[in-house]
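Since the structure comes first, as structure tokens, the remarks are kept for the end.
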Amino acid sequence: MSNTSRPETSSGAPSPTARPNHFIEDIIEADNASLKWGAWGTTHPDRADTPKVHTRFPPEPNGYLHIGHAKSILLNFSLARKYHGKFNLRFDDTNPAKEEREYVDSITRDVLWLGAEYLSPPTGGGLFFASNYFEQMYAFAEELVLKGKAYVCQLSADEVAKRRGAPGVPATSPHRDRPADESLRLLREMRDGTHPDGAMTLRAKIDLASPNFNLRDPVLYRISHQHHHNTADRWCIYPMYDWAHGFEDSIEGITHSICTLEFENHRPLYDWFIDAVNDGRPPEKKIHHPQQIEFAKLRPTYTIMSKRNLLKMVESGVVHGWDDPRMPTLSGLRRRGFTPQAIRAFCEDIGVTKVESSIDLARLENAVRDHLNRVAPRRMAVLRPLRVVIENYPDDRTESFDCINNPEDPAAGSRPVPFARELFIEHDDFSPNPPKGYFRLAPGQEVRLRWAYFIRATRFDTNPDGSVSTVYATYDPDTRGGDAPPNPDGSPGRKVKGTIHWVSARHALDATVRLIDRLFTAEAPGERTGNYTDDLNPDSLITLHGCKLEPDLANARVRPNAENGCTVGDRVQFERLGYFCVDQDSTPSTPVFNRTISLKDSWAKAAAKSPQR
RNA sequence: UGGGCGAUGGUGUAACGGUAGCACAGCAGAUUUUGGUUCUGUUUGUCCAGGUUCGAAUCCUGGUCGCCCAGCCA
């Protein structure tokens, strides 16, 4: 194996094709034209006159990142890159009950693996934690209390829910008109740990009758005596997402706060919070007011995206962990052999709009085929071995054939592959009773062994169950290398329609191969019965033992990438089968390969259509 | 029942009052030492009803359908 230690973030990337702007780019270009956010100025002398564009990806560290997050990460990152701006990674860690350090680590790793550079120039804006802003957010809260724009409410969670009202029916709270100094005292007691969890909350005094329920005096702070992975036990009150989020963006100087559609109803709330803080402040004390823009999240077919259900699959053992190669998580896709380039090309390809839609999973599968076709070295591997004996080939002879590594990439060179009297071919590549249009090996039928010889099957043995156990064949020495010699009159020699892959039995390496397929059989898992587990694909993982590899594959390795802490296995194409990736479960004696994606198979497709086959 | 948002082929996505285009999928063919790749051709579309206009996917009015919102989650 060669040439696989290059960083995941460079080379082999599809050249970006010209694409019309999407609506967010339109907004940014209009903002830049009017200098709405000013220019970078003295903060970045190298781009002083460049209009400011600052984006961010704000995950909550309560699970692993999945392909849906990739769209958001890449959208924010590419906007920063395209407009010579900055991109932050910020953890929205405002709920210690659900968050863990493990998730922080996996997220930073996955974001870097994708190539979304948040640390180094030119795009790197930095790594941040919302929990580092707790002091500032709390100060804003006291300011609102003092301004009469927030109050401490002693209703229980149940009571608040009951008094929430309905469309047309206002909410109520008996503590709404509590004097500011009393709210301030209670808020400080909340912060100081005087009160138990749930005893009271700080609420914004907005509009109990608003048709937008988010404005019906939302909770700003709740009491939660919880250890936090970053702030430890410094706080026993934690800001609600709505209260915190807008300020996080404000503090970091985010210009375009890009989020998904479900937060559209929250935008008036964020605007209100910032305005409430700015109300009465002199101009130089006013805080930055970012612009929120919502887009439709990615929803691929044949998979689930909800973190809750992904977590359930991990915990219930339906899959073998967050990085199970069948998972739509970035760590799962990586382990399965997907490349960041493929994921980037996919996310670029699907567009950015406000229309909620499903993306055919085939688009993602296609993206990885497209990339791997260009970069993956070809190797021969037989997954379901069938023994072939070439009766007119001497038993004591071994030849070596020079095999092209990648017809798409002449620079990839070639490798020697040993050939001998006994070979393995794919079970599917021999048929005792070939259907119409079957170009592979069959009694009396000639086929090309890739890069080697033409062979013709003469007879075969069967097992007691009737299945074929051994095929006997003869080879044509004049077809060495895989071409028939020209006829005496100079015209091209005979053609053969089928070419099959093979491995010399004597030289073969044993391996385990996992055939990974879609986790679900339904386009929208759970839609039919309400339970996504009803649509699980029983064949999503088929493990094959005793697969036979050409000896060069002894060099295939799993290797760590120092840059992002990821472990990545070598990726290859097993000719005529698909793209495969060395799994971390490999041992020195038995390599394990995961199938990233099969090759397109128009024969299988045609065969599936005609019932007689 | 209130509010917010959306609607273009099978699936995505362009068109910014002037020929509905592109990609994926499908189908047909060519090339091919991978039934892969590549190339060529091709089927299929503006949610509905009115209106404005020489001209509407685009503007206006009214409807229909879909998604989101009543966590001390994010």
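Order of the sequence lines fixes the chain letters, A, B, ..., with proteins taken first and strands second; residue numbering starts at 1 for each chain.
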Could you please spell out the steps behind the salt bridge (Lys or Arg N to Asp or Glu O under 4.0 Å) verdict for Arg56(A) and Glu248(A)?
CA-CA 10 Å; Arg56(A) 105 267 97 136; Glu248(A) 296 162 22; over 6 Å; no

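- Atom name C1', nucleotides C5(B) and A15(B): the rounded distance is 22 Å, in whole Å.
- Shown here, U38(B) forms a base pair with A30(B); the pair counts as Watson-Crick or G-U wobble because both key distances fall under 3.5 Å.
- For Asn212(A) against C69(B), no side-chain N or O and base N or O form a donor-acceptor pair under 3.5 Å.
- Nearest nucleotide to the Tyr241(A) side chain, out of G2(B), A74(B), A70(B): A74(B).
- Set against C68(B), A23(B), A14(B), the side chain of Glu262(A) has C68(B) as its closest nucleotide.
- For Thr499(A), counting side-chain heavy atoms from C-beta on, the closest listed nucleotide (U37(B), A70(B), G35(B)) is G35(B).
- In this structure Val352(A) satisfies the side chain to side chain contact (heavy atoms under 4.5 Å, CB included) test together with His22(A), Phe23(A), Ile24(A), Leu75(A), Phe295(A), sequence neighbours excluded.
- Across the strands present, U52(B) finds no partner; the criterion is a Watson-Crick or G-U wobble pair with both atom distances under 3.5 angstrom.
- Here A20(B) sits opposite no nucleotide as a Watson-Crick or G-U wobble pair (both hydrogen-bonding atom distances under 3.5 Å).
- Looking only at distances, a side-chain donor or acceptor of His225(A) sits under 3.5 Å from a matching main-chain atom of His195(A).
- A gap of 26 Å separates the C1' atoms of U44(B) and G55(B), to the nearest Å.
- Going from the C1' atom of G6(B) to that of U43(B) covers 29 Å, rounded to whole Å.
- Between A49(B) and U38(B), the distance separating the two P atoms is 42 Å to the nearest Å.
- C65(B): Watson-Crick or G-U partner is G6(B), with both key distances under 3.5 Å.
- At least one donor-acceptor pair closer than 3.5 Å links the side chain of Gln292(A) to the backbone N or O of Phe263(A).
- Checking G36(B), C73(B), C69(B) against the side-chain heavy atoms of Arg222(A) singles out C73(B) as nearest.
- Distance check on atom C1': A14(B) versus C24(B) gives 15 Å, rounded to whole Å.
- By the rule that a glycosidic angle within 90° of 0 means syn, G71(B) counts as syn.
- Separation of the C1' atoms belonging to U46(B) and C16(B) is 16 Å when rounded to the nearest angstrom.
- Residue side chain Glu408(A) does not reach the base of U38(B) through any donor-acceptor N/O pair under 3.5 Å, judged by distance alone.
- For Glu294(A) against G6(B), no side-chain N or O and base N or O form a donor-acceptor pair under 3.5 Å.
- Sequence order on RNA chain B of the closest nucleotides to Arg164(A) and Leu577(A) puts Leu577(A) first from the 5' end.
- For G3(B), the base is not stacked against the aromatic ring of Phe213(A), per a cut-off of 5.5 Å between centres and 30° between planes.
- For A14(B), there is no paired nucleotide, since no Watson-Crick or G-U wobble pair has both relevant distances below 3.5 Å.
- A distance of about 42 Å separates the P atoms of G66(B) and G29(B), rounded to the whole Å.
- Judged by distance alone, with hydrogens and angles left aside, Arg378(A) brings a side-chain donor or acceptor within reach of the base of U34(B), the pair sitting under 3.5 Å.
- The closest donor-acceptor contact from the side chain of Trp235(A) to the backbone of Arg191(A) lies at 3.5 Å or more, if one exists at all.
- Look at the C1' atom in both G63(B) and A7(B): the space between them is 14 Å, to the nearest Å.
- Within a 6.0 Å sphere centred on NZ of Lys297(A), other residues, nucleotides and ligands contribute 12 heavy atoms or fewer.
- Taking the nucleotide of RNA chain B with the nearest heavy atom to each of Val160(A) and Glu575(A), the more 5' of the two is matched to Glu575(A).
- If you check distances only, the side chain of Arg363(A) never reaches the base of G12(B) with a donor-acceptor pair under 3.5 Å.
- Taking only side-chain atoms of Val355(A), from C-beta outward, the nucleotide of C73(B), U13(B), G35(B) with the closest atom is U13(B).
- When atom types are taken as modelled, the side chain of Asp217(A) and the backbone of Ile206(A) share a donor-acceptor pair closer than 3.5 angstrom.
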